[in-house]
Amino acid sequence: MKLETVADHVDGLPYMRIAQAQRLQKVIKTYKCRDLLELGFFHGVSTMYMAAILDDRNTGGKITTIDLEWARKKEPNIIELSEELGLTQYIEPHFEARSYLWRLMKFIEEGRTFDFCYLDGGHNWGDTGFAFYLVDQLLVDGGLILFDDFNWTAEGKDWATQWPVEEQQISPVERTWELLVAKHPAYKRLWVKGNWALARKKRKLPLLPFYY
């Protein structure tokens, strides 16, 4: 399925736009990603674009995506969109009571692995920073993590008025990028473009035989 088909169908729904989807397509195709993880889907627009990318490649794959229970009440919701577009075979949605963190723990217990993660949820230091740590446990060597909302802050949000002012004014994604990703020996930061930042988990070198 072409990205333009999805764009026409989801026109006006937040948040991903076709220009972002086209950039995402380049990343997924370049690195041959097929086992995708998405944290935060809202209506499911970004999910539909990723499913269309997999469908267009015709090499299999699936998107496992997580959001809160209230996402079921969106009009349309992710299930409705996937059915309307005929993309349900590519999508495994999870609706959680509190956050995506518990489901990530379950995935670690189950031994799940992914080669790509699109992190677009949480929007606070605790959820974002800990999500990076958990996703690291799930990413294969050479896997990618794409952070959305690099410059986003909670300043001016009604639900964040009780937060300390400093916490409202600082981007949790940018801090995760600078303090956790940058200092992690297993990650190479590839680029920051606009509101996105992409990092890759380095491939481990094979162990050489030791003779004595």
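Along the sequence shown, residues carry numbers from 1.
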Please state whether the rings of [X] and [Y] are parallel, tilted or perpendicular, taking 30° and 60° as the class boundaries.
| X | Y | value |
| --- | --- | --- |
| Phe130 | Tyr133 | parallel |
| Phe107 | Phe114 | tilted |
| Phe147 | Trp177 | perpendicular |

Atom CG in Asp55, atom NZ in Lys2: separation rounded to 0.5 Å?
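Between atom CG of Asp55 and atom NZ of Lys2 there are 9.5 Å.
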
Should we say atom CD of Glu75 is surrounded by more than 12 heavy atoms from elsewhere, each under 6.0 Å from it?
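Check fails, neighbour count at 12 or below.
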
Take Leu144 and Cys33, measure what side chain to side chain contact (heavy atoms under 4.5 Å, CB included) needs, and give me the verdict at the end.
CA-CA 9 Å; Leu144 302 161; Cys33 303; 3.8 Å; yes

Tell me the closest heavy-atom pair linking [X] and [Y], and the distance in Å.
| X | Y | result |
| --- | --- | --- |
| Phe150 | Ser171 | O-OG, 2.7 Å |
| Asp35 | Thr113 | CB-O, 4.1 Å |
| Leu87 | Met1 | CD1-SD, 4.0 Å |

Flag yes if [X] and [Y] sit in one hydrophobic cluster, no otherwise; membership is Ile, Leu, Val, Met, Phe, Trp, Tyr, and two members link when side-chain heavy atoms are under 4.5 Å apart.
| X | Y | value |
| --- | --- | --- |
| Val10 | Met50 | yes |
| Leu24 | Val135 | no |
| Ile53 | Trp196 | yes |
| Phe42 | Leu81 | no |

Between Asp136 and Lys201, does at least one N-O distance fall below 4.0 Å, as a salt bridge requires?
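Between Lys201 and Asp136 there is a salt bridge, with a charged N closer than 4.0 Å to a carboxylate O.
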
Pair Glu92 + Arg112: basic N to acidic O under 4.0 Å
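A salt bridge links Glu92 with Arg112.
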
Working for salt bridge (charged side-chain N to carboxylate O under 4.0 Å, His left out), residues Asp56 and Lys29:
CA-CA 10 Å; Asp56 185 58; Lys29 284 189 172 183; 3.5 Å; yes

Apply side chain to side chain contact (heavy atoms under 4.5 Å, CB included) to residues Ile28 and Leu36 and explain how you reach the verdict.
CA-CA 9 Å; Ile28 290 173; Leu36 315 181; 4.1 Å; yes

Would you mind telling me which of Leu119, Leu37, Leu134 makes a side-chain contact (heavy atoms from CB on, under 4.5 Å) with Tyr100?
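Exactly one pass, corresponding to Leu119.
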
With side chain to side chain contact (heavy atoms under 4.5 Å, CB included) as the criterion, how do His184 and Arg189 come out once you've worked through the C-alpha distance, each side chain's angles and the decisive distance to 0.1 Å?
CA-CA 10 Å; His184 199 302; Arg189 297 189 295 173; over 6 Å; no

Less than 6.0 angstrom separating the ring centers of Tyr31 and Phe116, yes or no?
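Aromatic pair excluded; centres sit 6.0 Å or further apart.
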
Centre-to-centre under 6.0 Å for Tyr118 and Tyr49, is that the case here?
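So the answer is no for these two rings.
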
